> 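The following block contains the structure, expressed as structure tokens.
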Amino acid sequence: MSGMPSIKSREIKIVQEIPISKTLRFWEGLKEGKVYATKCTKCGKQYFPPVADCPNCLNSEIEWIELSNEAEVETFTHVVFRPTSFCQYKPYTVAIGRLKEGVKVLTWLTGFKLSEIKVGMKVKLVAKLSQEGNPTYEFVPL
Amino acid sequence: MICLRKVAIIGVGNSKFGIRNDVNVAELTFEAVKPSFEDAGLAAKDIEFVALGSAGAGAWYEELLPAVVAAEYCGLTKAGLVRCEAACASGSAAFQTAYSVIASGQAEIAMVLGVEKMREIDSLTAMEWIGRAGYYFWEFHNFGLTFPAYYALYANAHMAKFGTTEEDLALVAVKNHKYAIMNPLAHLQNKITVDDVLNSMVIASPLKLFDCCPMTDGAASLILASEEKVKQLDVDTPIWVAGIGCSSGTANLSKRPDYVGLEASVLAAQRAYKTAGISPEQIDVAEVHDCFTIAEIMAYEDLGFCSKGEGAKMIREGQTEIGGKIPVNVDGGLKAKGHPIGATGCSMIYELTKQLRGEAVEKGRQVQLKNYIALAHNIGGTGHYCYVTILRR
Ligand SMILES: [Zn+2]
């Protein structure tokens, strides 16, 4: 790459199989158009992303709650320079939004011109399938 | 803390930072180790313990066990050895580890190494690796956040809340490039203007290319000794570790209370000030974690150099230049000296040691010393880890 003398390392391809048994309800919910958070049955704390174990009181009995879909944008960025595994996508906007339950969600924000996006604006959280066909979620105009 | 022994820095070395495709990770480490031995008047046989900070082992460079490889190459085999990982604060984590080994009486002399080789892979793959340095599963896997994008989230929130502007961010880059030109070790040595920054390509809005630190190769080495050993060796100007504070932040950025500052910085700084028994006004010179321009402005606020929301005012008024209220990153900072991830924390302490000794003399880079106190602020990830180290002559 640099013109300096070098030897190429051996190539390896790494793909990890990430367990989702404990958050399966969340991933299946997305396919049904629902975005779930978890709620600790003991201390009542709500979590997004969902967790199977409560870091607040260490209880492992949780319930699944469907999130309301209106969110307020706390911040955002438009990602122009993308990493290798996202090069097939056009530049995308990422936002962090706060839901009325108090939890926050970080995800893509679509359906706006960049110049229209402002901190404090209201958006809607929806479940959807990614360009690659995987269940995901997104912020869209109300 | 009263039971801890005093620890001093007695030798420092720093390789040339830049695109170093002329050397491998071990050879690059050697470039820092040798001058640190010469500086301390010691040899490898004197080192009882080595802590090496490096974050990208096996990812952006080929060696999975860089501590072992570097130790063999530098004649340090048989010393106690560990690699420390705290992302971009790995060097500071290694410093704290070696400090603790001496302070607790487990060794008299120890070495801290920081090294990173970031330019052996293409830059998009490097962006991929660094983007994964948060919560891979929830924030990278489906959303492709990059390191600049994480900080851009903070930049937009800070701008919305406090009226910080893109010009303010650019001023940080202009200042740090100005000092890098005076530092022969620095990676980027070109003079830039506010317009150059504003006109550079958008990486993750509002951050542009010149708001971002480069991907740099580099290494730094520090030799630490107990007070007893300092006396025995009759060290000329020992630089004492006055206090270290560390903290951490949530893996998910969505779990942070706000995006206008880093809670880990605030907590680490409070802990360091308390241990050292000092307040921010007493600091003569600081190295802060300016991986992106917004990070330097937030650091002024989080470290208590000014109140929250006043960071942009400090850079506008030149208060962090040499001669100002508190000179910051006068070696060029991560922004222009470069940010070889694992080496950065050690390189900050290298610079501060030189400053406190009065040896940072290249073309007027020496700050005026009043209290002989300096501070290094090293963030890992996006406020995932933070180490604040206070030094005193
Ligand atoms: Zn609970």
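Small disclaimer: the values here were computed from a predicted structure and weren't measured. Here is the naming used below: chain letters follow the sequence lines, and residue numbers restart at 1 for every chain.
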> So which part of Phe76(A) gets closer than 4.5 Å to some heavy atom of chain B, the side chain, the backbone, both or neither?
both
> Restricting to side chain to side chain donor-acceptor pair (under 3.5 Å), what partner residues turn up for Tyr61(B), sequence neighbours left out?
Ser54(B)
> Below 4.5 Å, heavy-atom pairs only: which of Thr107(A), Ile18(A), Val79(A), Val94(A) has the largest tally toward chain B?
Thr107(A)
> Should the heavy atoms of other residues, nucleotides or ligands under 6.0 Å from CD of Glu72(B) be counted, would the total exceed 12?
no
> Is any side-chain heavy atom of Lys255(B) closer than 4.5 Å to one of Pro49(A)?
yes
> When you compare the side chain of Phe48(A) with that of Asn252(B), does any pair of heavy atoms fall below 4.5 Å?
no
> Taking side chain as everything from C-beta outward and backbone as N, CA, C, O, which of these in Phe137(B) sits under 4.5 Å from a heavy atom of chain A? Side chain, backbone, both or neither.
side chain
> For Thr146(B), is it the side chain, the backbone, both or neither that has a heavy atom under 4.5 Å from a heavy atom of chain A?
side chain
> Examine whether an atom of Ile20(A) lies under 4.5 Å from a heavy atom of chain B, and if so say whether it belongs to the side chain, the backbone or both; otherwise answer neither.
side chain
> Which bit of Met159(B) comes within less than 4.5 Å of chain A, counting heavy atoms only: side chain, backbone, both or neither?
neither
> Give the interface residues of residues 125-142 of chain A toward chain B, defined by a heavy-atom separation under 4.5 Å.
Pro135(A), Thr136(A), Tyr137(A)
> Counting heavy-atom pairs closer than 4.5 Å to chain B, which one of Val119(A), Val80(A), Leu106(A) comes out on top?
Leu106(A)
> Going by atom types only, do Glu62(B) and Ser9(A) share a side-chain donor-acceptor pair under 3.5 Å?
no
> As an exercise: rank Pro83(A), Gly97(A), Ala95(A) by heavy-atom pairs under 4.5 Å with chain B and give me the winner.
Pro83(A)
> Just wondering, do Val105(A) and Ser254(B) contact through their side chains at under 4.5 Å, heavy atoms?
no
